[in-house]
Amino acid sequence: MASAPPSSVVPLPAFRILHSQGHTLARLGSFSPSAVSRGKSNASVIPTPNFILPTSRGTIPHITPDNARKHVAVPAVFVCLEDFVDRNALKSPIAQSNRTIRDYISLLPPLSNPAHQIPIFLSSRRSCPVPTSQPNSDNTISIVTNDGFRQLPISDYFTLVSQLKDEETVIVAPVDLPLLIPPSNGRDMTSPSKPWKHIGGNRARKMVTRNELWSVSTLKNFATQNAVIVPLLPGISVAEQGPYLDSILNVKESTRVSDGHIRRGIDGLNVLELTSPFIPESYEPVENGPASDPARDVSLTSARTVDFGKLPSGFNDVVRLNLGYQNGPHDVIAAVERGHDFVCGDWITTTTDAGIAFTFEIGGNSMTENGKKVDIGISLWEVELYAADLSALSEGCECYTCKNHHRAYVAHLLAAKEMLSWTLLQIHNIHMVNRFMSAIRDAIKHDKFVEIAADFRKKYIPQMEGVTPGGGPRVRGYQVKLAGSMTNKKLNESPFQNFSNVD
């Protein structure tokens, strides 16, 4: 056992709160993933609030690694193991490669800052996971792989993470979520049915026990060298999560000595809000559960979001990661108001897939000249409207796309179904969201976040019609499965029709 650290050693927390907005829970901070290089000049530091961009098999959707290095500035990426493992996880190509996940997916530092390594948030499952056909057990995680549904042993998970991680990897501890698949009874999956109603008492207790087991094991394996994010369970009362929260808090407040520095256990919370598009609106949180279950009358996630005021005070100084699906910039502003530090960037790729170019911004007039709200972007599928438009996708944008191409060109590429169109759109949209998040941080710093949030809501329509998955590039198999778990409609319309229906 390591001896107690000398009193002169200063703790090096991963997350630092730099400023708080008075009337909301919004806060300005900085997050340093590496416990080894934290505090040194070469350490990666991510300003917060910010976004994390989920990858597809380790690649930023629509952008090759070389173009990402040249034209995209991503604060951090989200990578999941289920994208890479096969039937036997330890015999998968990624396990046999003897390389880190960064080298395996060719995640290169940006040319604008070659010394900066992009942090990787490494998880067992996707940010919006596909519901699985089998439940988890104490020793296995149910995942979706190329070979279908598989059980990943926890021991194999730890072995893979130990091999794949590097200093700038953030370990997202596995989480035990309830099965959200209705029974095969032939009914419409969107209609209310018992499995959606609430998490039963026995299931909730298993979730708490299992997540405590997994989170503590993750902390013991990786907290001395890497930042570790542990889950906050959705739809379960504070009373029921008490043992789990106390156990995590005890690890957080304990110290580990490595190279003369104190390493704290927990560095952040993975806040699992009930906002995923794959959790239907008919799902009711546990506060509406059976009256015979008295411990469930006050829910930590009493609606579909988290009230951080109900958490023990010891969790106030850790980073908060929100992997819930955001429908656009309005949801991002709302998440920042609720106190989240990182939001998931799935919505950026979803909008790009739909052929939308972002045009929103923070600042300027809160209303347009005619007093009407405007869209957050433009749909370049409207070829007739933009066929002769030689202006940039967004006025004043300095991204590669806007400096080198115009609306007419991108609209033409979309009409021709050229993959380059989505590459250019993704480069532009990521740049716009970077600018958006930077403006949010600046507003918090100068105590103007409440005003700019109100102005933004006055000026922009929350979501453009037509911003839906599909209608764009060919979808991947897991996307079809994922959408099919909630609706019978496919993401893309079939190119073939009944001959009798053709005009």
Side-chain angles (χ1 to χ4, degrees), residues 14 35 78-82 84-85 89-90 101 120-132 134-145 149-165 169-180 199 202-236 240-254 256 263-273 300-301 306 311-312 315 318-321 323:
F78 185 92
V79 179
C80 64
L81 287 180
E82 67 180 349
F84 301 96
V85 300
L90 297 184
I101 187 69
I120 298 174
F121 284 70
L122 184 61
S123 175
S124 57
R125 303 218 60 201
R126 299 184 181 97
S127 54
C128 288
V130 181
T132 57
Q134 293 179 305
N136 299 318
S137 70
D138 288 350
N139 300 314
T140 60
I141 309 170
S142 188
I143 62 175
V144 182
T145 71
F149 298 115
R150 292 286 178 259
Q151 295 292 315
L152 175 65
I154 286 291
S155 58
D156 289 359
Y157 164 77
F158 287 140
T159 301
L160 280 172
V161 172
S162 297
Q163 174 192 319
L164 297 173
K165 71 180 182 68
T169 302
V170 179
I171 312 300
V172 181
V175 55
D176 180 36
L177 290 175
L179 273 176
L180 293 177
I199 301 170
N202 289 335
R203 183 67 182 91
R205 283 186 284 273
K206 286 183 180 179
M207 286 176 63
V208 171
T209 302
R210 194 166 291 156
N211 280 287
E212 179 181 355
L213 174 66
W214 292 353
S215 295
V216 171
S217 297
T218 304
L219 289 167
K220 289 181 178 178
N221 278 279
F222 306 114
T224 57
Q225 294 184 338
N226 296 85
V228 174
I229 310 291
V230 300
L232 189 62
L233 304 179
I236 298 180
E240 286 179 303
Q241 293 204 61
Y244 166 65
L245 295 175
D246 289 342
S247 177
I248 295 302
L249 195 58
N250 288 336
V251 176
K252 172 187 178 295
E253 293 178 345
S254 66
R256 292 186 174 84
R263 310 300 186 196
R264 299 194 314 171
I266 170 181
D267 292 297
L269 290 174
N270 175 13
V271 184
L272 298 162
E273 295 190 326
L300 182 63
T301 53
V306 170
L311 282 175
F315 290 104
V318 300
V319 73
R320 298 162 183 167
L321 167 63
L323 291 182

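Residues V144 and E82 approach most closely at N-OE1, 2.8 Å, considering heavy atoms. When all heavy atoms of S162 and F222 are compared, the closest pair comes out as OG-CE2, 3.3 Å. Between L152 and A89 the shortest heavy-atom distance is CD1-CB, 3.5 Å. S124 and Y157 get closest at one heavy-atom pair: CB-CE1, 3.8 Å. In plain terms, the two heavy atoms of W214 and S137 that are nearest each other are CZ2-O, 3.1 Å. For the pair S217 and F158, the tightest heavy-atom approach, listed with the atom from each and the gap, is CB-CZ, 3.6 Å.
Panel note: side chain T209, backbone R205; a donor-acceptor pair is recorded below 3.5 Å. Under the 3.5 Å distance criterion, the side-chain polar atoms of S142 are matched with a main-chain donor or acceptor of Q134. The backbone N or O of I229 sits nowhere less than 3.5 Å from a side-chain atom of N270 that would complete a donor-acceptor pair.
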task: Report the C-alpha distance between V271 and L321 in whole Å, list the side-chain angles of each, state the deciding distance to 0.1 Å, and finish with yes or no for side chain to side chain contact (heavy atoms under 4.5 Å, CB included).
output: CA-CA 6 Å; V271 184; L321 167 63; over 6 Å; no
For a side chain to side chain contact (heavy atoms under 4.5 Å, CB included) check, start with the C-alpha distance between L122 and V170, then their side-chain angles and the critical distance, and finish with the verdict.
CA-CA 6 Å; L122 184 61; V170 179; over 6 Å; no
- Message: side chain to side chain contact (heavy atoms under 4.5 Å, CB included) for Y244 and S215? Distances and angles first, verdict last.
- Response: CA-CA 9 Å; Y244 166 65; S215 295; 3.3 Å; yes
- request: Tell me, with the steps shown, if L219 and I248 meet side chain to side chain contact (heavy atoms under 4.5 Å, CB included).
  value: CA-CA 9 Å; L219 289 167; I248 295 302; 4.1 Å; yes
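Remark: D138 pairs with R210 by the salt bridge (Lys or Arg N to Asp or Glu O under 4.0 Å) rule, at least two apart or across chains.
Taking 4.5 Å as the limit, every side-chain heavy atom of F84 sits out of range of all side-chain heavy atoms of L164. By the 4.5 Å heavy-atom criterion applied to side chains, K165 and I101 are not counted as neighbours. Side-chain contact check for L269 versus V319: every heavy-atom pair is 4.5 Å or farther apart. Counting heavy atoms from C-beta outward, L232 and L245 have side chains that approach closer than 4.5 Å.
Using a 3.5 Å distance cut-off with no hydrogens or angles, the side chains of D176 and N136 do pair a donor with an acceptor. A donor atom on one side chain and an acceptor atom on the other are found under 3.5 Å apart for E212 and S247.
The distance from atom CZ of F315 to atom CZ of R320, rounded to the nearest 0.5 Å, is 11.0 Å. Taking OG of S123 as the reference point, atom CG of L323 lies at 7.5 Å (rounded to 0.5 Å). Rounded to the nearest 0.5 Å, atoms CG (D267) and CG (N226) are 9.5 Å apart. Taking NZ of K206 as the reference point, atom CG of N211 lies at 13.5 Å (rounded to 0.5 Å). One distance of note links OG1 of T218 with CD1 of I171; it measures 8.5 Å at 0.5 Å rounding.
Screening L90, I154, N221 against T159 for a side chain to side chain contact (heavy atoms under 4.5 Å, CB included) leaves a single residue, L90. Under the side chain to side chain donor-acceptor pair (under 3.5 Å) rule, Q151 has a single partner from T140, D156, N139, which is T140.
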